[in-house]
Amino acid sequence: MRNSSSAPTTAVWFICLALFLVALAAHFGIAKVPEPFATWSWIGGFGLLLVACRVRGL
């Protein structure tokens, strides 16, 4: 039986998690991350996660 769920693959999930952790670290001052990268890391990670839930096999 094929897996037909819309869940993202593990690789995409880990990429989104890494981008989210970068955004959290920048927000709470744990790491010095330049502002454009800090902002776009959570936007890109969330967008990638949304697309991965809709596109099968991503």
Side-chain angles (χ1 to χ4, degrees):
M1 181 174 229
R2 281 186 66 188
N3 185 6
S4 63
S5 72
S6 63
T9 60
T10 304
V12 170
W13 190 85
F14 277 121
I15 292 169
C16 294
L17 179 64
L19 289 171
F20 179 69
L21 291 176
V22 167
L24 277 179
H27 178 75
F28 290 112
I30 297 171
K32 288 280 191 184
V33 180
E35 179 52 39
F37 186 70
T39 300
W40 283 102
S41 67
W42 75 265
I43 293 171
F46 186 64
L48 179 62
L49 191 59
L50 287 175
V51 169
C53 286
R54 291 311 232 170
V55 176
R56 186 172 298 189
L58 185 63

Donor-acceptor list for residues 8-20 side chains, cut-off 3.5 Å, not counting sequence neighbours:
from	atom 1	to	atom 2	distance (Å)
Thr9	OG1	Leu58	O	3.4

- [ ] Not counting sequence neighbours, list each pair that qualifies as a side-chain hydrogen bond (donor to acceptor under 3.5 Å, both in side chains) and has a residue in residues 30-45.
- [x]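 Qualifying pairs, neighbours excluded: Glu35-Thr39.
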TODO: Not counting sequence neighbours, which residues clear side-chain contact (heavy atoms from CB on, under 4.5 Å) with Phe37? List them please.
DONE: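 Testing Phe37 for side-chain contact (heavy atoms from CB on, under 4.5 Å), a comparison that skips the adjacent residues, returns Val22, Val33.
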